[in-house]
There are 2 protein chains.
Amino acid sequence: MPYALTVGLHAAILAVTGEEPRILTVPENESGRSAAALPFGPLEPARHRTLELGLLDWVREQTGMNLTYVEQLYTFGDRDRALLPDASTRVLAVAYLALVRERRVTEGHAASWQGIYRFLPWEDRRAGEPAILRDRIRPALADWVSSAREPKRRRQRRGRVDITFGAVAAPWDNERVLDRYELLYEAGLIAEAMRDCRPSAAAHSNSAFRELGSPLAFDHRRILATALGRLRGKLKYRPVVFELLPETFTLFQLQRTVESLVGVRLHKQNFRRLVGRGALVEGTARFETATRGRPAELFRFRREVLHERSAPGVGLPSLPE
Amino acid sequence: MPYALTVGLHAAILAVTGEEPRILTVPENESGRSAAALPFGPLEPARHRTLELGLLDWVREQTGMNLTYVEQLYTFGDRDRALLPDASTRVLAVAYLALVRERRVTEGHAASWQGIYRFLPWEDRRAGEPAILRDRIRPALADWVSSAREPKRRRQRRGRVDITFGAVAAPWDNERVLDRYELLYEAGLIAEAMRDCRPSAAAHSNSAFRELGSPLAFDHRRILATALGRLRGKLKYRPVVFELLPETFTLFQLQRTVESLVGVRLHKQNFRRLVGRGALVEGTARFETATRGRPAELFRFRREVLHERSAPGVGLPSLPE
DNA sequence: CAATTTATGCTCAATCTGAGAATTATTAGA
DNA sequence: TCTAATAATTCTCAGATTGAGCATAAATTG
């Protein structure tokens, strides 16, 4: 067999600063152009006892960061999306999600923080449905639907669009981040699709067409989409937000952090009720000063809950649009 | 680097017959003894365009079965749990879950169906907490807790036992299948732990100790635990049970199937209410004959729901014990 | 001190859940 | 044929949860 096999370990390292979720990226020179990439490196069987240890190693080396909360996401292995160094090497990608409190990148590392909605602009609905959806995505998807030859194929495509991007019968499901990315990729609306020489992408190549969002190296935007979808789901049933927050925080900060991740606004009073009921936090008697209105109490995550109830998340009392 | 790297593709193929979930196993000769194994085979970079296609290929070859519903579970890569063919090859395992309707194994294949609770007997609580938990597991775990030297370590162990196996403050969480398996493995109560030369396992090696449940080859019992935990979670928010049921079925059959998977009995009337509310099924006007009491109507899964609502699962109206 | 801003508390109807009683349609057997 | 046993199916009812919004409290700004 003339094929070599390598396994890459990739990390989507997420933090929330203010009201903006960000990932840590490293510069990557890829076929001439330079694009941002997630920190990653190959599994070295001799050196890395486990996959996760290998990942921590590479991340430390490339960013100077020591990860604490790490979770495996998915293993990607499609031959034609791997962006091969040469045609006789097969590369798998094992993707991880890490949650951290944002820190300045330590000296001597070229890593930088980037807002995630630069890469997935259609996922942020906090200010209502974003313009890019109405003005560019929905029309382009409508084109894609009608560009199918057979009527049956058209119906399939329309159904898929409706369910992933929401329509009359099906509301927007904020966890389907990956489905949406994959659909846009298949429809050729993503720069990476053209890079991978997708047929559908070629259709747009000579029109005045702009791809959606900033690209990332390799298949890293797909990893980011996987990470965001998974995190949005997990928030609801595990107290993971607290990995992203400082030791003490106000309830409003907590709410803003959750909102920034799930991409929608939440009903404030009901959000508090849910957090309170789950007994996830406890008040310190201290208050946030140096803010505008009435000062808010500072709360702290009750780490004990991890040993008490089985699966408390924050709950998402959504707001009608 | 003197290390070779291989990636194995492993399939937990699940069906429910009557009220018993089963997996498809193949015979495997492993270091002299023969043990059942999940169907698996190495990724062949030249032949397999995607990981999933590789998996389907191996499964077809070993069992004659064509899979439809397939889902990636996890990628395992710990060096010291891989059961290496030789010390200079590193083997990763990408594990999948497949759901099928049970069929007879086709001629010429040595595969056979095995009830999953043979391998994870503590997970079936349909008849209340199983005796093995009270008589063997809880005592053995109590020993394991007190066998820790430092008090701090003991407290940690006790907390971990309480949260994974349930205690006063925390009820039994039926999704923590993997946590429970891992804990038993670490405590040396699982045959595979001894096979992997775990120190904790050695403690039991010369007493009149019997390991829990039947072993599987490699780390396949861990894969099974991952599969069951994931499926138990997914049932609640995606209509996946129907992959396991025939075209038409009674509501009671549906309930029994769900119960067999989640491992607890459910409240019948409320279960119906939930299924009805989700509009998951529709009655055919036909009835199940050849049964004892009043004949039950046959229902059919409304495949349309996949294109309607975002995420309907069956819901689990649990019964107090 | 008034206007503004934000935090926090409280209410109320609608819906969902847990538990179980009551009713209906069959089969097995006296 | 009549009765008991077995299941399916329908209903009820109290308690908890949710969605929505009003009201009040405690600060800052001008």
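Just so we're clear, the structure is a prediction, and the values are computed from it rather than from any experiment. Here is the naming used below: chain letters follow the sequence lines, and residue numbers restart at 1 for every chain.
The distance between atom NE2 of A:H267 and atom P of D:dC22, rounded to the nearest whole Å, is 10 Å. Between A:R265 atom CZ and D:dG19 atom C1' there is a gap of 18 Å when expressed in whole angstrom units. Rounded to a whole Å, the CD atom of A:Q253 is 14 Å from the P atom of C:dT6. Rounded to whole angstrom, the span from the CG atom of B:L266 across to the P atom of C:dA19 amounts to 12 Å. One can place CG of A:L298 at 16 Å from C1' of D:dA26, the figure rounded to the nearest angstrom. Atom CD of A:E297 is separated from atom C1' of C:dT6 by 15 Å (rounded to the nearest Å). Nucleotide D:dT17 holds its P atom 18 Å from the CZ atom of A:F271, rounded to whole Å. In this structure, CG of A:L251 is placed 20 Å from P of D:dA25, rounded to the nearest angstrom.
Between B:N270 and B:T250, it is B:T250 whose nearest contact on DNA chain D lies nearer the 5' terminus.
Not counting sequence neighbours, the partners of A:P130 by the side chain to side chain contact (heavy atoms under 4.5 Å, CB included) test are A:R125, A:I132, A:L133. When the ring-ring contact (aromatic ring centres under 6.0 Å, His included) test is applied to A:F301, the partners found at least two apart in sequence or on another chain are A:F242. Here B:Y74 pairs with B:F76 under the ring-ring contact (aromatic ring centres under 6.0 Å, His included) rule; sequence neighbours left out. Under the side chain to side chain contact (heavy atoms under 4.5 Å, CB included) criterion, A:V145 pairs with A:R157, A:R158, A:V161, not counting sequence neighbours. Scored by the side chain to side chain contact (heavy atoms under 4.5 Å, CB included) test, B:R300 finds B:E247, B:E282, B:T284 as partners (sequence neighbours excluded). A search for side-chain hydrogen bond (donor to acceptor under 3.5 Å, both in side chains) contacts involving B:Y181 returns nothing, not counting sequence neighbours. With sequence neighbours excluded, the residues that form a side chain to side chain contact (heavy atoms under 4.5 Å, CB included) with B:R155 are B:K152. By the side-chain hydrogen bond (donor to acceptor under 3.5 Å, both in side chains) test, B:Q156 is found to be paired with B:R153, residues two or more places apart in sequence or in another chain being considered.
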Provide a list of protein-nucleic acid N or O atom pairs under 3.5 angstrom, restricted to nucleotides 22-26 of chain C.
residue, atom, partner, partner atom, Å
C:dT24, O2, B:R294, NH1, 2.9
C:dA25, O4', B:R294, NE, 3.4

Restricting to nitrogen or oxygen on both sides, can you table the protein-nucleotides 14-16 of chain C pairs closer than 3.5 Å?
none

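Between A:K268 and C:dT8 there is no side-chain polar atom (N or O) within less than 4.0 angstrom of OP1 or OP2.
A cation-pi arrangement is absent between A:R103 and A:W113, since the terminal nitrogen or guanidinium carbon is not both under 6.0 Å from the aromatic centre and inside a 45° cone about the axis. Both cation-pi conditions hold for A:R180 and A:W172: the charged atom is under 6.0 angstrom from the six-membered ring centre and inside a 45 degree cone around its axis.
Where the helix from C:dC1-D:dG30 to C:dA30-D:dT1 starts and where it ends, the local axes point in directions that differ by 10°; five pairs per end, rounded to 10°.
At a threshold of 4.0 Å, the pair A:E123-A:R176 does not count as salt-bridged, since none of the basic side-chain nitrogens sits closer than that to a carboxylate oxygen.
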N/O donor-acceptor pairs under 3.5 Å from side chains in residues 251-258 of chain B, not counting sequence neighbours:
residue, atom, partner, partner atom, Å
B:Q253, OE1, B:T250, N, 3.1
B:Q255, NE2, B:E259, OE2, 3.0
B:Q255, NE2, B:L266, O, 3.1
B:R256, NE, B:E19, OE2, 3.4
B:R256, NH1, B:E259, OE1, 2.7
B:T257, OG1, B:Q253, O, 2.8

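Residue B:R273 places a side-chain atom within donor-acceptor reach of the base of C:dG18, judged by atom type and a 3.5 Å distance cut-off alone.
Comparing D:dG21, C:dT8, D:dA8 against the side chain of B:R272 picks out D:dA8 as the nearest.
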